[in-house]
Engineer: 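Here you go, one structure.
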Amino acid sequence: MTSPASSSEVKYLIESSEGNTFDVSGAALRQSNTFNAMFLNIGADGPIPFTDYNEATLKKVFEYCEHSVNEENYSGPKHQDDLSKWDLNFFNEMDQKMFIDVINASNFLDIERLTSYCCERIARMLRGKNTQEMIKVITLPTAEELEAKQKVEEKKAAAAKKVAEKAAETAEKTETLEELPVQQLVQTTRNKLTRKYLSFSNE
Amino acid sequence: MSSPFPILRLPRLVQCEIFKLLNIEEKIKLSFCSKKIFTQIHNYRLYSQKVIVDLDCFKQEIEIQSENNQDLFKVGIHPDSRISHSSTIQQISIASCTVRAEYLQIGMKTFWNNCLEGFLSIIHHLLKIFQCKMSTSLICYRSDLFQPTISMLFDLQLEFKGLYIRLEGSRDKNLWWNKISNNLGLVEYLSISSSLDRAFIPVFISWPQKIRILDSDWFTLETLLSCTCSKIMLEESLLENKDFDVVLRKWKTGGFPNLKLLWLDSPNITDNGEQILGMNLNELDRKVIQNADGSKTATIDLGKHWIEMSVTSSE
């Protein structure tokens, strides 16, 4: 059992969706209003189960909380331009999937400062854009659109493969006539084919 | 993070926080992105900033501004015929219509087949994404859009920060006035500019908070005595010294409980010997009078053919 006064010195065990556990300081954990409402006064006997979120996400969220332990009390949203270098690095090193996981976890844990910075970061994606540009930023392709896109890509790849095969045949015929040593001829054709196929696939 | 960001898949609270961070322009532009986004913004309308929607029916322009006037966006409504073949024209969706639009530095132009439909559609759209108070510009009443627009807004029971009307020349004057008069409780400041023929004398069924009437020769003492406004400005009135005497006596005995300012401009306010509260007109200048229970004082100021009474609470 942990008392609120001593919670900053105490470490809590957090359990992730994988069943893994790791330590978080009481001071960091207290930034979560969800934790405060659920465990701060009654304490926790075993690991605190935040099993809707994976270990990587929870560690990222609590990394933020540990870092902001010594910052002054949160007093509402801060403009992105006012973020520290550490904050910016923290956000910049996340890919989109991790960023979304962090927002979801931060929202569940009700960590106001982190949620607010995440929201500001998303709002910033929309700033200075017109409607068409905003659509590009926020609209995910539908399942039909994804399927159609995949079909087009498959067709392109098949066409590229056909062209490559035809080119290989032609090259084989031409280079045979030039009386190259057989070994060299095969290698040259292979190299050409690989280059061509790769260039088609990358288009 | 270059791939599209799934804003609508975020938790609702997070979406709400993001919308709260957007300024007027950003929120309007975002609301045109898709029906789903629009619906979500609408769902969080009560957490949105409060805006004043100023309708300029004459210029066919709607100005949306924050209450502190620091944030502003204008939407112009233009006929399709005036569309330019600019590459910046884009299609947006407003109230189930697909409309062509062009963004400008602090606003946008929208192009419509029918400008009245466009005007009303834009207003409907704004009402769904912001907490709006309406306002009309001074020369608005000259436009054909004015009456149908104001009627619709009254039907929706929307509040007006300012409403400027002119009764002469309006269609179905009686019906129109009835519509207005029934809804003046929704209006903060009403300005009426009218010289009326004697056959039509408007009757107030409800009152705005503040009223200013230019050419108020039709505004009688009886009407003034029933007025519940906190600020009353009557220009070109025909009221006389004796009428002002009645007003002051009523106020002294607890009448006009909301009154903060009465400004009366009339050629009949003269030093002609007609007394007000037992005093000649010029004796009244700078006079401070108190009501019967001592809870309020009124200061009287005089000018050439005008008289002003400003009220303060004694506590």
Side-chain angles (χ1 to χ4, degrees), chain A residues 33-34 52-53 61 74 76-82 88 91-143 145-146 149, chain B residues 1-38 40-41 44 47 49 71 73 75 86-94 98-110 125 129:
Chain A
N33 291 329
T34 305
D52 281 344
Y53 304 98
V61 168
Y74 178 67
K78 198 154 106 177
H79 197 270
Q80 190 84 3
D81 294 339
D82 301 330
L88 287 173
F91 286 113
N92 289 339
E93 67 190 20
M94 279 188 268
D95 61 13
Q96 181 167 296
K97 189 185 173 309
M98 174 61 92
F99 182 56
I100 292 167
D101 288 346
V102 165
I103 298 170
N104 284 322
S106 175
N107 176 60
F108 171 76
L109 292 165
D110 196 4
I111 302 165
E112 283 178 52
R113 190 194 304 251
L114 180 56
T115 307
S116 145
Y117 290 170
C118 290
C119 290
E120 172 61 34
R121 206 168 164 78
I122 299 165
R124 207 179 160 90
M125 292 178 195
L126 303 169
R127 300 235 154 93
K129 296 195 165 58
N130 65 36
T131 299
Q132 295 301 331
E133 291 162 343
M134 283 180 174
I135 289 172
K136 281 182 194 158
V137 171
I138 59 167
T139 312
L140 287 176
T142 60
E145 283 167 343
L146 281 175
K149 198 179 169 191
Chain B
M1 277 182 273
S2 55
S3 50
F5 192 84
I7 208 167
L8 290 175
R9 292 190 194 160
L10 295 174
R12 289 175 176 227
L13 265 174
V14 174
Q15 286 180 36
C16 182
E17 285 305 310
I18 296 166
F19 298 148
K20 270 158 67 179
L21 288 167
L22 301 178
N23 66 24
I24 292 174
E25 175 179 1
E26 290 155 358
K27 197 173 280 181
I28 290 175
K29 287 176 175 175
L30 184 66
S31 70
F32 293 141
C33 282
S34 76
K35 214 172 176 178
K36 277 185 184 169
I37 283 273
F38 168 69
Q40 284 306 79
I41 296 175
Y44 304 121
Y47 303 98
Q49 60 265 66
D71 197 4
F73 192 72
V75 184
S86 155
S87 59
T88 53
I89 298 280
Q90 39 187 271
Q91 291 216 330
I92 56 169
S93 159
I94 305 174
T98 302
V99 178
R100 279 173 292 180
E102 184 177 19
Y103 286 108
L104 310 170
Q105 205 165 6
I106 51 159
M108 67 189 293
K109 286 179 177 177
T110 55
H125 189 91
I129 60 176

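Chain identifiers are assigned alphabetically (A, B, ...) following the order of the sequence lines, protein sequences preceding nucleic acid strands; residue numbering begins at 1 within each chain. Worth saying up front: this structure is predicted, and the values here are computed from it rather than measured.
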Engineer: Of the non-hydrogen atoms in B:Tyr103 and A:Asn130, which two are nearest, and what is the gap between them?
Structural biologist: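 Taking B:Tyr103 first and A:Asn130 second, the nearest heavy atoms are CD1-CB, 3.4 Å.
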Engineer: Who wins among A:Cys119, A:Ser106, A:Ala123, A:Gly128 for the most heavy-atom pairs under 4.5 Å with chain B?
Structural biologist: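 Highest number of heavy-atom pairs under 4.5 Å: A:Cys119.
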Engineer: Can you see whether B:Arg12 engages A:Asn107 through a side-chain donor-acceptor pair at a distance of less than 3.5 angstrom?
Structural biologist: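 No, A:Asn107 and B:Arg12 have no side-chain donor paired with an acceptor closer than 3.5 Å.
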Engineer: Applying a heavy-atom distance below 4.5 Å, give me the residues of residues 29-38 of chain B that approach chain A, sorted by number.
Structural biologist: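 From residues 29-38 of chain B, the residues near chain A are B:Lys29, B:Leu30, B:Phe32, B:Cys33, B:Ile37.
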Engineer: With rounding to the nearest 0.5 angstrom, report the CD1 to CZ distance, A:Ile122 to B:Phe5.
Structural biologist: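 Reported value, rounded in 0.5 Å steps: 3.5 Å.
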Engineer: May I have the step-by-step check of salt bridge (charged side-chain N to carboxylate O under 4.0 Å, His left out) for A:Glu133 and A:Lys136, ending in yes or no?
Structural biologist: CA-CA 5 Å; A:Glu133 291 162 343; A:Lys136 281 182 194 158; over 6 Å; no
Engineer: Parallel under 30°, tilted from 30 to 60°, perpendicular over 60°: which one fits the rings of B:Tyr44 and B:Phe19?
Structural biologist: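 B:Tyr44 vs B:Phe19 ring planes: tilted.
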Engineer: Could you please spell out the steps behind the salt bridge (charged side-chain N to carboxylate O under 4.0 Å, His left out) verdict for A:Glu120 and A:Arg127?
Structural biologist: CA-CA 10 Å; A:Glu120 172 61 34; A:Arg127 300 235 154 93; 2.9 Å; yes
Engineer: Using side-chain contact (heavy atoms from CB on, under 4.5 Å), reason through A:Thr131 and B:Met108 one step at a time and then give a plain yes or no.
Structural biologist: CA-CA 11 Å; A:Thr131 299; B:Met108 67 189 293; 5.9 Å; no
Engineer: Between A:Lys129 and chain B, which part of the residue has a heavy atom less than 4.5 Å away: side chain, backbone, both or neither?
Structural biologist: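 Only the backbone of A:Lys129 comes within 4.5 Å of chain B.
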